[in-house]
Amino acid sequence: MTGPRCRRIVMPWIVASGAVVGLWLVAASPAPLAAQTPEQRYTDWARPDFRPQEYQYRRGRIMDGLRATGGGLLLTPSSDGTTYGGTFRQLDDFWYLTGLEVPSSMLVLDADTGLSILFMPPRDPRFENPGRPNDFPGRPLLDDYQLRSIAGIDRYRDIAELDAFVRARLAGGTALRVNAGAAGPVSEPVVPLIGTLDAAAALIHRLHTDYPGAEIRNAYETVARLRMIKTPTEIMRMRAAADATMAGIRAAASRIRAGVDERTLQGEFERTCRTFGSQSIPFTPIIKSGPNSLWPWRILAAHYDRRNRGMRDGDLVIFDVGCEVNGYVSDIGRTFPVNGTFTDVQREKLMVSTRAAEAIIAAVRPGVTLRELTAVAYAAIPDHEEPHMQTPSFFGHHIGLSVGDPVLLDEPLAPGMIFTIEPWYYNHEIGVSVFVEEVVLVTEDGVEVLTSGLPREPEELERMVSP
């Protein structure tokens, strides 16, 4: 042993002959404590996604919408930051309006004064552990002025002051506003006996409990109208997510053959997405073959090992997958023949989904509503096939920060909107399920298919499968 605090000790050692010899042993006094690692700072770990002016613009537009519908305080919670090993992912609205990955915080947009106020903890609890000071050196939040420069918020206050602030405003007759997650009146959620409430429902429950009699109004439509329109930078990120997802599908499709299991394809898809810059997978990839393809993912996910079927000759395998790049997601679907060739029936049913998707895409342009696209979809689907189609909606959903971005079905389409088109087909009578899903961007004069680089025609899909 070596080091500045080492000392030598002579220990007797009796050998077989009976002689006593001296054995030099080296013992060490307790080593000095390592130098304390410095407190960490938010900007050591994170960088803003957009300029402060972008977040200020978003908050200003939200407050304009709140004032137009009665004003009040919009409360937008952050994630609590609790993790069991997964990487932190901020809640969508909070991230959209602040760009900050701070935990256990509340953004308040005061439409009556025009001020934005961020209530947050003085320190980040995730960086604290008294028993391991070098590994958990602490991180200030409230007094970190570099953090404050990221989002350009007007005021910053301790989260412990939020209750008194809300009570004072309620005493003056101010209404509370929340994004309830869907349009309509805000009702108090029922706390389940088993399970938990999501963040929006938990907030509404606390507001009803802590401030009985307070007026709580829904800001969903105000938030949706802004988030439905993507900026050029958001569109750029969604292009990157679409590119990564298409690459992942191509790589996994090349592994398709009889005897390969679904989870192998999932692993290849995720690996490729990561190599294309994806930080996260927004939902567990839905890759299902043969009889599994006939069941929605909620049924397949009801059992631990159900989503790992080995593929067989003659099966179809469906991909409904996406990835996330710099906070923005993609969601794409294709159907492949396991043996590389569709049967006549499989091809016929695939074209039911494909023609419906193409009819919808052709009808997308500014001014059209999603409800009108629903009528277009049904006009393209043969009457006898309608019972086998998945949903009575327009067969898609808005995406952005999540695969379930806010949407208003009767809001006219406008440039910058991005959504999926996905006519699912489930026919249990003949045992065939097929699916195509595209991501489209509404442009000034029509539509751009962000996923056009991935074939959808049967012959091209066949060529993507390894022989």
Side-chain angles (χ1 to χ4, degrees), residues 72-96 101-108 119-121 125-126 159-160 162-167 170 175-221 223-224 280-286 288 292 294-308 320 322 329 331 390-393 397-398 401-407 409 424 426:
L73 298 177
L74 174 62
L75 305 181
T76 302
S78 79
S79 167
D80 62 9
T82 302
T83 179
Y84 298 96
T87 300
F88 179 77
R89 174 58 156 80
Q90 186 58 276
L91 298 183
D92 292 348
D93 281 354
F94 189 92
W95 206 0
Y96 182 77
E101 296 183 84
V102 294
S104 304
S105 303
M106 185 74 73
L107 174 68
V108 176
F119 292 84
M120 64 180 175
R126 300 169 300 184
I159 189 66
L162 177 62
D163 178 65
F165 172 83
V166 171
R167 290 185 185 279
L170 289 176
L176 301 180
R177 306 290 291 269
V178 296
N179 178 359
V186 177
S187 58
E188 183 172 4
V190 176
V191 179
L193 177 63
I194 299 172
T196 59
L197 298 174
D198 62 31
L203 173 61
I204 294 168
H205 175 69
R206 276 296 299 269
L207 295 179
H208 277 288
T209 301
D210 294 353
Y211 314 112
E215 182 184 5
I216 303 174
R217 302 174 60 188
N218 197 351
Y220 176 82
E221 294 188 13
V223 173
S280 181
I281 304 298
F283 58 94
T284 300
I286 302 169
K288 51 186 186 176
N292 276 1
L294 290 161
W295 298 106
W297 67 265
R298 287 184 179 88
I299 292 178
L300 295 177
H303 297 285
Y304 181 72
D305 202 35
R306 178 66 185 269
R307 298 170 76 167
N308 192 34
D320 181 5
V329 307
D331 185 4
Q390 176 195 27
T391 171
S393 75
H397 51 89
H398 273 244
L401 285 170
S402 76
V403 292
D405 258 24
V407 59
L409 293 178
W424 273 94
Y426 289 98

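Fair warning: this is a prediction, and the values are worked out from it, not measured in the lab.
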Would you give the length of the straight line joining atom [atom1] of [X] to atom [atom2] of [Y], rounded to the nearest 0.5 angstrom?
X      : Y      : atom1 : atom2 : result
Arg307 : Ile286 : CZ    : CD1   : 6.0 Å
Met120 : Met106 : CE    : CE    : 14.0 Å
Ile204 : Leu176 : CD1   : CG    : 11.0 Å

Less than 3.5 Å apart, which donor and acceptor atoms pair up between the side chains of residues 297-304 and the rest of the protein, not counting sequence neighbours?
none

Taking all heavy atoms of [X] and all of [Y], pick out the closest pair and write down the distance.
X      : Y      : value
Phe94  : Thr76  : CD1-O, 3.5 Å
Asp92  : Ser402 : OD2-CB, 3.2 Å
His398 : Pro406 : CB-O, 4.0 Å
Leu294 : Tyr426 : O-CD2, 3.2 Å

Which atom pairs, one a donor and one an acceptor, fall under 3.5 Å between side chains of residues 178-186 and the rest of the protein, sequence neighbours left out?
{"residue": "Asn179", "atom": "OD1", "partner": "Gly181", "partner atom": "N", "Å": "3.0"}
{"residue": "Asn179", "atom": "ND2", "partner": "Asp93", "partner atom": "OD2", "Å": "2.6"}

Hey, are the side chains of [X] and [Y] touching, using non-hydrogen atoms and a 4.5 Å cut-off?
X      : Y      : result
Pro121 : Ser105 : yes
Asp320 : Trp424 : yes
Pro103 : Arg126 : yes
Thr83  : Phe88  : no

side-chain contact (heavy atoms from CB on, under 4.5 Å) between Asp405 and Val329, intermediate numbers included: CA-CA 10 Å; Asp405 258 24; Val329 307; over 6 Å; no

For Ser187, is there any backbone N or O sitting under 3.5 Å from a side-chain donor or acceptor partner on Asn218?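 Not at all, since once roles are kept as given, no pair shorter than 3.5 Å links the two residues.
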
Within the distance-only criterion (no hydrogens, no angle test), does the side chain of Ser78 pair as donor or acceptor with the backbone N or O of Ser104 below 3.5 angstrom?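 Yes: the side chain of Ser78 pairs with the backbone of Ser104.
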
Could you tabulate the donor-acceptor pairs under 3.5 Å formed by side-chain atoms of residues 207-216, not counting sequence neighbours?
{"residue": "Thr209", "atom": "OG1", "partner": "His205", "partner atom": "O", "Å": "2.8"}
{"residue": "Asp210", "atom": "OD2", "partner": "Arg206", "partner atom": "NE", "Å": "3.0"}
{"residue": "Asp210", "atom": "OD2", "partner": "Arg206", "partner atom": "NH2", "Å": "2.8"}
{"residue": "Tyr211", "atom": "OH", "partner": "Asp163", "partner atom": "OD1", "Å": "2.7"}

